[in-house]
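Positions are given from 1 along the sequence.
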Amino acid sequence: MTTRDTAFAPGTPCWVDLFTSDPEAAKAFYGNLFGWTAQEGGPEFGGYVNFASEGRLVAGMMGGNIPESGRPDSWNTYMATSDIDSTVASSTGLGATLIAAPMQVADLGSMAVLADPVGGVFGAWMAGTHTGFAKYNEPGSVTWDEYHSKEFAATKDFYAKVFGWDMQPTSDTDDFRYFTANIDGEGVAGMMDSHSFLPAEVPSHWAVYFSVADTDASAQKVVELGGQLLRPVDDSPFGRLADVLDCNGAAFKLHMPPRSAS
């Protein structure tokens with residue numbers, strides 16, 4: 001998937017943005033790590049920044065995370081919707097908490113931010129001229145969004161009802177429970193039962209994977225830029241992965257696809 005001229009199908013993760021305590025440091029970090037360029041929004045957009053890779057939009061950023069908030073810097077995932085008011089009503093009717101009410105963003109579209117019934121934060125985006133990722137599943141862009149749940153059954157049912165996901169098991173055992181969310185037969189997101197390993201202070205949350213050409217080199221670069229490697233780089237059936245923090249403590253994942261058998 002490369003440049004997109006139409007909106008993502010409703011229920012599909014279509015955008016991510018970073019809520020950060022230090023926008024200038026974050027711009028330098030991601031610029032050096034992924035080669036992103038920052039496109040500054042004017043005052044009418046509250047200082048919102050769009051990041052581009054090779055001229056194509058890949059992510060956004062908003063400053064303003066202050067220590068008093070008690071929230072770490074974080075990446076947020078937005079789901080596409082064709083009716084943002086209906087999505088918010090459905091979500092809150094099923095126990096979600098509204099954090100930011102639906103808001104029109106010039107001609108770009110409309111956004112809302114919510115916390116699901118177990119506390120995981122997500123966004124909803126109804127596209128106008130901004131349809132979401134213009135670059136996807138290529139180095140320097142998002143390649144997957146995945147929910148880590150401490151209350152798996154509740155979150156699986158919530159997101160399936162709100163966004164019309166067909167949840168299909170990759171594995172459904174107590175040792176490893178992982179479902180893929182499908183829209184029109186296409187896998188669009190993952191959901192993992194993470195109650196056994198998430199620390200008490202870490203809530204259920206959306207995790208963002210960024211595609212890279214070389215996970216090991218990118219993980220080393222994260223550390224050189226002031227970030228942190230949370231655990232050793234590792235292989236999985238889906239590719240070579242790393243869990244990292246940026247220079248301000250925001251968590252994300254690096255992904256390199258499996259190498260083709262020779």
Side-chain angles (χ1 to χ4, degrees), residues 1 4 6-19 46 48 59-60 62 71 74-133 136 142 144-170 172 177-195 198 202-209:
M1 190 186 303
R4 299 185 64 111
T6 57
F8 284 71
T12 304
C14 64
W15 191 244
V16 297
D17 61 18
L18 175 67
F19 184 47
Y48 194 89
M62 173 62 76
R71 289 182 54 192
S74 59
W75 281 96
N76 189 36
T77 294
Y78 290 77
M79 310 300 171
T81 177
S82 58
D83 185 337
I84 197 161
D85 293 315
S86 176
T87 295
V88 168
S90 175
S91 298
T92 55
L94 290 168
T97 301
L98 186 61
I99 296 173
M103 176 179 63
Q104 182 75 30
V105 186
D107 64 348
L108 301 177
S110 297
M111 63 165 287
V113 180
L114 304 102
D116 65 35
V118 302
V121 175
F122 68 97
W125 179 253
M126 185 170 71
T129 58
H130 187 326
T131 58
F133 304 119
Y136 185 82
V142 172
W144 192 241
D145 294 88
E146 179 179 274
Y147 191 84
H148 289 252
S149 178
K150 286 185 167 180
E151 298 182 41
F152 186 82
T155 47
K156 180 170 74 72
D157 290 347
F158 172 81
Y159 285 99
K161 289 176 181 177
V162 172
F163 294 111
W165 288 351
D166 174 23
M167 302 295 290
Q168 294 296 320
T170 300
D172 194 11
R177 182 165 288 111
Y178 193 102
F179 279 57
T180 299
N182 291 275
I183 296 286
D184 296 330
E186 179 182 356
V188 299
M191 184 172 290
M192 183 183 296
D193 184 352
S194 305
H195 80 278
L198 282 182
V202 178
S204 299
H205 63 276
W206 280 95
V208 180
Y209 289 74

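The shortest heavy-atom contact between Gly187 and Asn182 is N-OD1, 3.2 Å. Closest approach of Asp116 and Tyr147 over heavy atoms only: OD2-OH, 2.6 Å. Nearest approach of Ser91 to Phe122, heavy atoms of both residues: OG-CZ, 3.9 Å. Contact record, Trp75 with Val208: CB-CG2, 4.0 Å, taken as the closest heavy-atom pair. Shown here for Arg71 and Ser74, the closest heavy-atom pair between the two residues is NH2-OG, 3.4 Å. The minimum heavy-atom distance between Thr131 and Cys14, with the atom names listed, is O-CB, 4.4 Å.
The main-chain N or O of Gly120 is never found under 3.5 Å from a side-chain atom of Ser204 such that the two would form a donor-acceptor pair.
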### Query
Given the rule in the side-chain contact (heavy atoms from CB on, under 4.5 Å) test, do Phe19 and Asn76 qualify, once you have shown the distances and angles that lead to the verdict?
CA-CA 8 Å; Phe19 184 47; Asn76 189 36; over 6 Å; no
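Qualifying side-chain contact (heavy atoms from CB on, under 4.5 Å) partners for Ser86, counting only residues two or more places apart in sequence or in other chains: Asp83. Listed by chain and residue number, Ser90, Phe158, Lys161, Val162 satisfy the side-chain contact (heavy atoms from CB on, under 4.5 Å) test with Leu94 (two or more places apart in sequence, or in another chain). Shown here are the side-chain contact (heavy atoms from CB on, under 4.5 Å) partners of Thr97, two or more places apart in sequence or in another chain: Ala115. Every side-chain contact (heavy atoms from CB on, under 4.5 Å) that Ala189 has, sequence neighbours left out, goes to Pro13, Trp165, Ala181, Trp206. Under the ring-ring contact (aromatic ring centres under 6.0 Å, His included) criterion, Phe152 pairs with Phe179, sequence neighbours left out.
For residues 99-114, the pairs satisfying side chain to side chain donor-acceptor pair (under 3.5 Å) are Gln104-Ser110, with sequence neighbours left out.
Taking 4.5 Å as the limit, some side-chain heavy atom of Tyr48 sits within range of a side-chain heavy atom of Asp17. Side-chain contact check for Ile99 versus Leu114: every heavy-atom pair is 4.5 Å or farther apart. Looking only at side-chain heavy atoms (C-beta outward), Tyr78 and Val113 come within less than 4.5 Å of each other. When side chains are defined from C-beta on, Phe8 does not count as touching Trp15, because their heavy atoms never get closer than 4.5 Å.
To the nearest 0.5 angstrom, Met111 atom CE is 11.5 Å from His130 atom NE2. Rounded to the nearest 0.5 Å, atoms CE (Met126) and CG (Leu108) are 12.5 Å apart. Between the NZ atom in Lys156 and the CE atom in Met191 there is a gap of 9.0 Å [rounded to 0.5 Å]. Taken to the nearest 0.5 Å, the NE2 atom of His148 stands 14.5 Å off from the NE2 atom of His195. Atom OG1 of Thr12 is separated from atom CD of Glu186 by 7.0 Å, given to the nearest 0.5 angstrom. To the nearest 0.5 angstrom, Met79 atom CE is 13.0 Å from Ile84 atom CD1.
Under the 30°/60° scheme for interplanar angles, the aromatic rings of Tyr159 and Phe163 are found to lie parallel.
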